[in-house]
Amino acid sequence: RRRHTRYISVTGVQTCALPISFSEDVGTSFDQTKVAVTGGTAAASTTKVSATVYTLVVTPTANTNSGSIGVTVGAGAFSDLAGNKNAASATLAQAYDTAAPTVTITSGTTGTATSAVTYTFTFSEDVGTSFDASKVTVTGGTKAASVTKSSATVYTLVVTPTAASSGNIVVSVARSEEHTSELQSH
């Protein structure tokens, strides 16, 4: 007979590389100091991909469920090779989600488990296909080979207590960087 216990911890943040394109060569007149960024923090430099394309890496604001990075370049911030100043840019927007999903683990069994226990994993948001039985650690029992997806945010897993033993069944989901941040282009 085993008792069941549950634990969870997930967190993290990623970066986003945003392309900045020009209609013609801007020489060396453009760098990250010419860019205004909202919803995140720009890297200390840009990367020149070609004469007309640069990349700016931005780290989105942490722990935000639904944010947007905004990148703009003001009028007169740089010039072409002939010395003509630029017009103001449109805002480049990049949606992001840096809030780590949380999960609540519950079971359909109260008290002492004498047979298989079905654990339910309810996530705070859709984790796509990244959650499977390999993400679950079980002590004091044997987990099924796979989880069952009930909805975009709910999964179940059957755990069978270790035969002829007593103690606790402990079910946990380890901290996982793959559940931490989604960058969505719009």
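Nearest approach of Ser68 to Tyr96, heavy atoms of both residues: N-CE2, 3.3 Å. Contact between Ala113 and Ile169 at its shortest, heavy atoms only, is CB-CD1, 4.3 Å. The shortest non-hydrogen separation linking Thr156 to Ser150 is CG2-OG, 4.2 Å. Pairing each heavy atom of Ile69 with each of Cys16, the nearest pair is CD1-CB, 4.3 Å. Among all heavy-atom pairs drawn from Ser107 and Val117, the shortest one is CB-CG1, 3.7 Å. Here the shortest heavy-atom pairing between Gly27 and Lys48 reads O-NZ, 3.3 Å.
With contacts defined as side-chain heavy-atom distances shorter than 4.5 Å, the pair Thr120/Ile105 does not qualify. Considering only heavy atoms from C-beta on, Leu18 comes within 4.5 Å of Leu92 through its side chain. Contact of the Tyr119 side chain with the Val158 side chain is not registered, since no non-hydrogen atoms from C-beta on lie closer than 4.5 Å. No side-chain heavy atom of Val35 sits under 4.5 Å from any side-chain heavy atom of Thr72.
Applying the side chain to side chain contact (heavy atoms under 4.5 Å, CB included) rule to Ser124 yields the partners Pro101, Thr102; only residues at least two apart in sequence or on another chain are considered. Among residues two or more places apart in sequence or in another chain, the side chain to side chain contact (heavy atoms under 4.5 Å, CB included) test is passed with Ala133 by Val147, Leu157. A search for ring-ring contact (aromatic ring centres under 6.0 Å, His included) contacts involving Phe121 returns Phe131, not counting sequence neighbours.
Annotation: side chain to side chain donor-acceptor pair (under 3.5 Å) contacts involving residues 18-37, sequence neighbours excluded, comprise Asp31-Thr33.
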| field | Steps toward side-chain contact (heavy atoms from CB on, under 4.5 Å) verdict (Phe30, Thr46) | value | CA-CA 9 Å; Phe30 182 78; Thr46 56; 4.2 Å; yes

| query | Should Thr91 and Val71 be marked as a side-chain contact (heavy atoms from CB on, under 4.5 Å) after you check the CA-CA gap, both sets of side-chain angles, and the distance that decides it? | reply | CA-CA 5 Å; Thr91 299; Val71 175; 6.0 Å; no

Q: Begin with the C-alpha distance, continue with both residues' side-chain angles, and end with the deciding distance and a verdict on side-chain contact (heavy atoms from CB on, under 4.5 Å) for Asn86 and Val73.
A: CA-CA 9 Å; Asn86 70 293; Val73 178; 4.0 Å; yes

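Side-chain heavy-atom separations under 4.5 angstrom define the hydrophobic clusters, and the remaining members of the one that includes Val49 are Val53. Grouping Ile, Leu, Val, Met, Phe, Trp and Tyr by side-chain contacts under 4.5 Å, direct or through others, leaves Leu81 on its own.
For the atom pair CZ of Phe22 and OG of Ser50, the computed distance is 9.5 Å after rounding to the nearest 0.5 Å. For the atom pair OG1 (Thr153) and CZ (Phe123), the distance works out to 9.0 Å, reported to the nearest 0.5 Å. With rounding to the nearest 0.5 Å, the separation of CG in Asp97 from OG1 in Thr64 is 8.5 Å.
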